[in-house]
Amino acid sequence: MVSFNKRVGTFIFEKSIMFLSIFLGLLYEKYNTRMNNEAIAAIFKRIANLLEIKGENRFKVLAYRRAAESIHSISTDLIEFDEQELMQFPAIGKAIAGKIQELNRTGKLEFLEKLEQEIPPTLIDLLELQDIGHKKAALFWKEVGITTIEELEIAARAGRLQNLPGMGEKSEGRILKRIEEKKASIKRFPINVVFEIAKDWKTRLEKFQGVHRIEIAGSLRRILPTIGDLDLVGIAEENESVMDFFTSQREVAEILSSGTNKSSIMLSNGVRIQLWLQSKERFGSLLQFVTGSKAHNIRLREFALKKGLSLSEHGFVTKDLKEILCPLEVDVYATLGLAFIPPELREDKGEIPAAERQELPNLIERSNILSDLHIHTIWSDGSHHITEMALSAENRGLEAIAITDHTPASFKQCNHNFISLDSLDKQKMEIDSIQKSLSSPLTILKGIEVEILSDGKLDFPDEVLSELDIVLASIHTNLDDSKANITRRLINAIQNPHVDIIGHPSGREYPFEGIEADWDEVFKAAADCDTALEINSNPLHLDLNEQRAARAVELGAWLAINSDAHSSKDLDNMDFGIGIARRAWLEPDRFINTWSTGELISWLKERG
DNA sequence: GCCGTTTTCGGCCCGACTGTTTTCAGTCG
C-alpha cells in the first residue's frame, strides 16, 4: 500500500512537472514573442554589472548603464528602428545599436552569453546587498569561490570572510545583517507611504531647537512612483545635536551612518532616511545635489566643467580656486546660465540643453486643474457620501467633479462594491438634490466607471451610458488576457461614442506593473476618436505612466488627470498624478480637466 | 562604449562616511 501510494505520488508529481513545463512554454510564447524595451534595458544593465565585476574599464560600464537608462525611458518599441535611427537616441552608439538589433533578430546576445560563461551571473544578486559593490563581489568570488547570496551567508557565518584583504570582523557581521534585511525587506515603497513619513519627520525636525529649515529632496521631490530612500536636507545652528536627535528617535532600527553633515537611519518598517545638513549660504547647492537624479547631477557637473567650474554639494569652485556659493537652488542653475529646471525633469533626458536654450516646457500645475473626473462614493466602494466628496472638492478649489462608481462586472474579480443598473436613477436624483443645495458654483457631473468586459463590450448598455454626463471605461477584470485581446478591448471601448475617458489604461496596481497592449495603436485610436486617456493619481495606480503619457500626447490624444478618490482625503492624490504629467514634460493644454466647466460640458455634449 | 562650445581622440562628477588601514579603498548618493 505504501509503495502504491508512493508510485501514485510520483506519477502525480511527474505529471505536475509536465503540465508546469507546458504552461511555462505557453507563457513564454504568449509574452516573449519579441523583446520589449524593458527587457532590452535589463539586458544592458546586466552587462554593465557583469563587466564591472570583471573589472572592465569603468567608463565602458557607465556607457552600458547609460544605454540601459536611455532605453528604459523610450516609449516606442525599439524593434521599429534601424541601426541609424537607434543611434539617434542618447547613449546609443554603433556597438549598442548593433546589439539591440541582434536581440530583436534572434532573441539572444552572443556577447552576453560569453560574458556569463566568464563571470557567474548569480554574482549580480550580491550587488543588491547594501554595502556590497563590484569589488567586494569579485573578491568573494575569486578568493572564496562564492557565487550566490546563500554561499555568501554560509561563508560569513563560518568566519571565512574576515581575513580577506580590506575585510574584518565588523564588515563580516554587517554582511550577515544585510542578508537578513534583504530576506525581510521590501526594497521600494509606494510614493504616498514615504510622503506621509516625510511630512512627519520634517515637522519633527523643524521643531527641534536650532533647526532653521528642513526640506524634502531626493526621488520623493522628483515624484517617482516608488521610493527607495527618503532624503531630507536642512539648515541648523549646530549639526551634531540635530544628528543626535535624528538618530535617537524611537522608530530607528539601525543607524546606518552618522556624521556631522550626513546621517542615515533605517526605520523599523524598513524605510531608510538620510538627513543632510548644510550652512545657509550653501543650502541651495545641497538641495540641488540631494534632489538628484544622479544622472542629472553628473550631466550638470560635466556641463559646469566645460564652463570652467567644478560643482559639488558645497557650491562651485572656479579654476583659480575661488568659491561661488549658492544659498538658493535657483542660483545653481543661474550660475551656469541655465533656466531653473523643475525637479520632475531632472533625469538627464535633455533637460540641461533645453534649459540652456531657455526652452523648458511650461509644465502643468495644480492650479491648472479645474475638475476631477473620477470619484467614488458609498454607492460603490467609496467611504464617503456624495455630499462629503462635493464639499471636499469645493474646499480644494475645484469647479467640477464627476461621480463615477463601479459597475457590477468589476465586483466579480475585484470584490468591489458596485452600483447596479437599478440604483443609477436613484443616484442621479441624489446628485440633482445635492447640486441644488450647494452654495458654491461646483458642478457635479453624473458619471460611471463602466467595466470593459472580456469581449470588449461594456458592462452597461449604450442607452444607459448615453443618459449620463460622463462615462469613464476601465479594465479591472481578466488582466491576464493576451496583448492582442487587451488592445482590442481598449480600442473597442475608445471607439464607443459614449465613452469619454479610459480610466487607468494599463491596470497598473503596485506591485503589478500593468497589462501589455499595443500602446501606439491604443493611443492612435484615442486620438482619432477624441477619447481622453487618464493619468490616474492613486499612488498605487499612477497610470498612464510618464513614458506612455508622453507618447499618447505625441500621437495626439487628450489626457485627464483624476484622483480616483475613494474618500475625501484621496482628492489630494491629484498631486501625484500631476507629478507624473510633469515628469512626462506635459503642458496644461492637452488635459481636458484644465478646461472651464462650460468648455468641458460642451466637449462632452459634442461627443454624444 | 559614447560623445563633441577643447569634435574623430581623449576624456568621462564629486564628496561623506566606514572600516580597514597606517594613508586609503570601497560604497553610496
Side-chain angles (χ1 to χ4, degrees), chain A residues 44 47-48 51-52 55-70 86-100 111 126-140 161-175 178 217-219 222 228-233 239 243 247 255-265 272-278 282 285-286 288-317 336-337 346 348 352-353 356-357:
Chain A
F44 287 119
I47 290 174
L51 289 176
E52 200 167 28
E56 182 60 86
N57 177 306
R58 67 195 175 100
F59 300 112
K60 191 188 275 191
V61 174
L62 182 66
Y64 278 104
R65 208 154 270 155
R66 279 183 165 166
E69 281 162 14
S70 174
L86 285 171
M87 287 169 67
Q88 300 303 309
F89 290 105
I92 298 178
K94 199 170 170 57
I96 287 179
K99 289 186 173 71
I100 293 172
F111 178 75
L126 269 58
L127 304 179
E128 285 175 22
L129 297 169
Q130 187 79 22
D131 302 326
I132 294 192
H134 63 280
K135 287 272 171 72
K136 289 254 167 66
L139 177 78
F140 298 151
L161 303 179
Q162 54 180 275
N163 294 323
L164 294 172
M167 290 289 294
E169 237 176 287
K170 265 193 174 176
S171 307
E172 193 175 61
R174 206 161 163 129
I175 283 173
R178 297 289 165 258
S219 48
R222 304 200 314 279
D229 301 333
L230 167 59
D231 287 293
L232 298 173
V233 296
N239 288 5
M243 288 304 190
T247 54
I255 300 170
L256 299 169
S257 71
S258 65
T260 50
N261 300 315
K262 178 188 163 189
S263 294
S264 179
I265 55 172
R272 297 189 332 170
I273 311 181
Q274 304 201 74
L275 175 63
W276 312 65
L277 295 176
Q278 185 60 279
R282 296 171 190 271
S285 298
L286 179 70
Q288 190 285 320
F289 167 70
V290 182
T291 297
S293 67
K294 186 174 178 173
H296 172 82
N297 284 349
I298 292 174
R299 278 284 180 236
L300 198 66
R301 288 173 179 198
E302 285 172 358
F303 184 82
L305 280 178
K306 283 180 196 152
K307 301 207 164 215
L309 295 168
S310 168
L311 171 62
S312 79
E313 62 265 46
H314 300 285
F316 292 98
V317 178
L336 293 169
R346 300 182 197 169
D348 186 26
I352 294 172
E356 192 183 12
R357 298 189 306 266

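None of the values given here were measured: they were computed from a predicted structure.
- Within the nucleic acid shown, A:T260 comes within 4.0 Å of sugar-phosphate atoms alone, with no base atom in reach, counting heavy atoms only.
- DNA chain B is contacted by both A:L127 and A:M87; A:M87 maps to the nucleotide lying nearer its 5′ end (nearest heavy atom per residue).
- Look at CD on A:E302: it is 5 Å from P on B:dC13, rounded to the nearest Å.
- Distance A:W276 CH2 to B:dC17 C1': 10 Å, rounded to the nearest Å.
- Residue contacts shown for A:S263 are absent, as no nucleic acid heavy atom lies under 4.0 Å away.
- Taking CD of A:E52 as the start and NZ of A:K135 as the end, the distance is 9.0 Å to the nearest 0.5 Å.
- Distances shown here put every side-chain N or O of A:K262 at or beyond 4.0 Å from the OP1 or OP2 atom of B:dC17.
- Rounded to whole Å, atom P of B:dC17 lies 10 Å from atom CG of A:L277.
- Contact between the side-chain N/O atoms of A:R66 and the OP1/OP2 oxygens of B:dG1 is not found at any separation under 4.0 Å.
- Phosphate proximity of B:dG1 to A:K99: present, with a side-chain N or O under 4.0 Å from OP1 or OP2.
- In this structure, A:H314 reaches the B:dA16 phosphate: one of its side-chain N or O atoms is under 4.0 Å from OP1 or OP2.
- Spacing between B:dT23 and B:dT18 at atom C1', rounded to whole Å, works out to 15 Å.
- Nucleotides B:dC17 and B:dC12, compared at atom C1', are 25 Å apart to the nearest Å.
- For B:dT8, there is no paired base (Watson-Crick or G-U wobble, both distances below 3.5 Å).
- The phosphate of B:dC17 (OP1 or OP2) has no side-chain N or O of A:S264 nearer than 4.0 angstrom.
- For A:S171 and B:dT20, the shortest distance from a side-chain N or O to OP1 or OP2 is below 4.0 Å.
- Within 4.0 Å (heavy atoms only), A:E172 reaches no atom of the nucleic acid at all.
- Within 4.0 Å of A:K307, counting heavy atoms only, lies no atom of the nucleic acid at all.
- Remark: side-chain polar atoms of A:R282 are paired, donor with acceptor, to backbone N or O of A:H314 under 3.5 angstrom.
- Note that OG of A:S171 is 8.0 Å distant from CZ of A:R174, once rounded to the nearest 0.5 Å.
- Atom P of nucleotide B:dC14 and atom NE2 of A:H296 are separated by 15 Å, given to the nearest angstrom.
- Across all strands shown, A:F289 has heavy atoms under 4.0 Å from base atoms, whether or not it also approaches the sugar-phosphate.
- Phosphate proximity of B:dG29 to A:R272: present, with a side-chain N or O under 4.0 Å from OP1 or OP2.
- A salt bridge does not link A:E69 to A:R66: none of the charged nitrogens lies less than 4.0 Å from a carboxylate oxygen.
- One can place NZ of A:K94 at 19 Å from P of B:dT8, the figure rounded to the nearest angstrom.
- In this structure, A:D229 reaches the sugar-phosphate backbone alone: every heavy-atom distance under 4.0 Å involves primed, P, OP1 or OP2 atoms, never a base.
- The gap from the P atom of B:dT21 to that of B:dT27 amounts to 15 Å, rounded to the nearest Å.
- With both ends at atom P, the span from B:dG11 to B:dA16 equals 26 Å, rounded to whole Å.
- Straight-line distance from the CG atom of A:L300 to the C1' atom of B:dC14: 12 Å, rounded to whole Å.
- In this structure, A:E172 does not pair ionically with A:K136, as no charged nitrogen and carboxylate oxygen lie closer than 4.0 Å.
- Distance check on atom C1': B:dC3 versus B:dT7 gives 8 Å, rounded to whole Å.
- Atom CZ of A:R299 is separated from atom P of B:dC2 by 13 Å (rounded to the nearest Å).
- When heavy atoms are screened at a 4.0 angstrom cut-off, A:I47 is found touching no nucleic acid atom at all.
- Using a 4.0 Å heavy-atom cutoff across all strands shown, A:L62 reaches no nucleic acid atom at all.
- A:P90 comes within 4.0 angstrom of sugar-phosphate atoms only, judged by non-hydrogen atoms across all strands, and of no base.
- With both ends at atom C1', the span from B:dG26 to B:dT20 equals 10 Å, rounded to whole Å.
- Rounding to the nearest 0.5 Å places CZ of A:R299 at 4.5 Å from CG of A:D348.
- Expressed to the nearest 0.5 Å, how far CD1 of A:I298 lies from CG of A:L311 amounts to 12.0 Å.
- With rounding to whole Å, A:F89 atom CZ is found 16 Å from B:dC2 atom C1'.
- Interface remark: the A:K294 side chain does form a donor-acceptor pair with the B:dG29 base, using a distance-only criterion of under 3.5 Å.
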